There are 2 protein chains.
Amino acid sequence: MTITEEKHEKKDHIIEIAEKLFSELGYDGASTRLIAQDAGVNMAMLNYYFGGKEGLYLAIFEKRIGESKLQLQSLNNEAISSFEKLNKCIENYADKMMANSCFQKIIYREMSLTQRSSVTDKIIQLLSENALEIKKILLDGIANGSFAEVDVDMLIATMFGTKSYLINSSQMASFLIGKDITDPKVREEEVKPRLKDHMKKMFKAYLTKS
Amino acid sequence: MTITEEKHEKKDHIIEIAEKLFSELGYDGASTRLIAQDAGVNMAMLNYYFGGKEGLYLAIFEKRIGESKLQLQSLNNEAISSFEKLNKCIENYADKMMANSCFQKIIYREMSLTQRSSVTDKIIQLLSENALEIKKILLDGIANGSFAEVDVDMLIATMFGTKSYLINSSQMASFLIGKDITDPKVREEEVKPRLKDHMKKMFKAYLTKS
DNA sequence: TATCAATAATCAATCGTTTGATTAATTTTT
DNA sequence: AAAAATTAATCAAACGATTGATTATTGATA
């Protein structure tokens with residue numbers, strides 16, 4: 001193991017801890033002292049590595065955005081039906097959402113703020129790729145007669161909204177379902193399959209021509 | 001005009017300004033100095049009236065919760081079909097959401113935090129009434145054969161999620177729709193009717209037995 | 001005059017950041 | 001290979017700024 005790998009491992013570890021704390025406590029709520037303490041490093045290291053709190057915050061986005069681009073496989077080129085494309089999309093985003101729920105929380109909380117445009121631009125850039133991919137699938141499906149003519153934008157809002165509601169309003173959702181969905185096991189074994197099943201069925205019912 | 005009325009008007013004005021700033025900047029982002037300045041009062045008056053920043057924050061919830069209970073008309077007693085009840089629900093919450101989008105932002109941002117349980121309890125109590133009302137309508141509709149047997153909890157997540165997505169992720173939604181939905185005129189004349197129409201049609205398609 | 005309302009000035013606490021010094025690691029020189 | 005020089009990593013301490021809150025004081029009202 002080389003030195004640089006150790007360094008990057010330490011940086012990644014700090015990013016990992018920071019992502020968790022930011023998602024739980026918010027940007028202002030997660031102090032640099034707490035982050036450094038939980039990560040087991042000296043406070044000054046945050047500035048040494050990332051140039052400051054904001055730099056650390058941005059590093060989280062850089063990392064996640066980089067990962068996202070790697071796994072973004074365009075479904076539009078595959079020779080499958082529109083319904084199959086849609087179902088694959090639903091599967092993909094349900095899996096993604098459960099994998100990094102901390103980052104999802106940060107994203108949607110950040111987006112709800114009016115200011116802080118340096119990161120919101122990145123967020124919109126990140127999410128818009130996914131959104132436009134879905135939009136294309138829906139519009140193509142309508143154009144080739146597979147889907148009924150629905151309000152595509154609102155349907156995307158439903159898709160993203162349902163997902164983000166389960167993650168960001170997890171306490172309320174837990175109350176509704178009657179189980180603690182912040183528990184990763186519950187999320188994986190119950191919420192995720194129920195969400196997938198629900199979305200597929202509802203979209204199919206809504207998009208099937210009558 | 002009596003003194004107490006003047007005082008209450010001033011208090012309400014502070015609450016109004018604070019609600020706007022909290023929704024735009026977050027709890028920590030909206031400093032007491034800024035709130036006092038925008039409200040046109042001295043900083044010490046916030047503590048004088050509300051006992052502190054947290055007291056002012058709670059006062060927003062007290063006011064909104066109080067208003068909410070007044071206009072909570074139970075649809076379950078009316079002698080209309082399950083579909084009509086559901087449509088009325090959709091209308092109600094779409095109207096409500098547009099009326100106080102600032103408070104909605106605060107609520108969902110607050111709920112996404114893991115801590116600060118003093119207000120989250122109130123939020124859950126506030127939202128659960130609406131959620132349970134919808135849940136009852138859906139379960140009744142299924143029981144009397146009006147609705148297909150769907151995942152009720154996930155459907156509620158869809159209803160709340162779609163709504164909160166348009167409000168909390170308004171920047172992303174604006175990008176999708178191609179218009180600035182933070183503009184009240186756009187929200188009222190375009191987003192609201194489209195949301196209502198979308199929800200009604202989708203729910204009908206999904207809940208109608210095949 | 002006595003109570004309430006409102007202000008300016010000030011408080012202690014916490015924030016993110018920076019500093020100077022020290023140790024560890026790497027490179028260069030002999 | 002050994003010693004010296006240089007760079008990177010880490011630390012405790014302290015910085016200035018800002019936060020929410022409080023005080024002392026003044027003005028208004030009844």
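All heavy atoms count here, side chains included; hydrogens, waters and symmetry mates do not. Throughout, a chain's letter reflects where its sequence line sits, starting with A, and its residues are numbered from 1. For clarity, every value in this text was computed on a predicted model and none was experimentally measured.
Rounded to an integer number of Å, the gap from B:L46 CG to D:dG20 C1' is 10 Å. When the P atom of D:dA13 is taken as reference, atom CE of A:M45 falls 18 Å away, rounded to whole Å. Whole-Å rounding puts the B:Y57 OH to D:dA21 P distance at 14 Å. Atom CG in B:L56 sits about 12 Å away from atom C1' in D:dG20, given to the nearest Å. Going from atom CE of B:M43 over to atom C1' of D:dT22 covers 9 Å, rounded to whole Å. Rounded to an integer number of Å, the gap from CG of A:D28 to C1' of D:dG20 is 14 Å. Here C:dC15 presents its C1' atom at 15 Å from CD of A:Q37, a figure rounded to the nearest Å. If you measure from atom OH of A:Y27 to atom P of C:dC15, you get 13 Å, rounded to the nearest angstrom.
A ring-centre distance under 6.0 Å is not found for B:F160 and B:Y108. Proximity of the aromatic rings of A:Y57 and A:F50 is defined here by a centroid distance below 6.0 angstrom, and this criterion is not met. A centroid separation of 6.0 Å or more is found between the aromatic rings of A:Y206 and B:Y206.
Put simply, B:K10 has no side-chain N or O that comes within less than 4.0 Å of OP1 or OP2 on C:dA5. Residue A:N42 places at least one side-chain N or O under 4.0 Å from the OP1 or OP2 atom of D:dA12. Not one side-chain nitrogen or oxygen of B:Y48 sits closer than 4.0 Å to the OP1 or OP2 atom of D:dT22.
Judged by distance alone, with hydrogens and angles left aside, the side-chain atoms of B:R109 form a donor-acceptor pair with the main-chain N or O of A:S112 at under 3.5 Å.
Across all strands shown, A:S31 has heavy atoms under 4.0 Å from sugar-phosphate atoms exclusively, and none from any base. Among the atoms of the strands shown, none is found under 4.0 Å from any heavy atom of A:A36.
Nearest-nucleotide assignment on DNA chain D puts the 5′-proximal partner with A:G40, out of A:G40 and B:N47. Of the two residues contacting DNA chain D, namely B:R33 and A:R33, the nearest-nucleotide position lying further toward the 5' end is that of A:R33.
Between D:dT22, D:dG20, D:dT10, one nucleotide has an atom nearer to the side chain of B:K53 than all others, and that is D:dG20.
Of the residues listed (B:D151, B:V150, B:T158), the one engaging A:M202 in a side chain to side chain contact (heavy atoms under 4.5 Å, CB included) is B:T158, and it is the only one.
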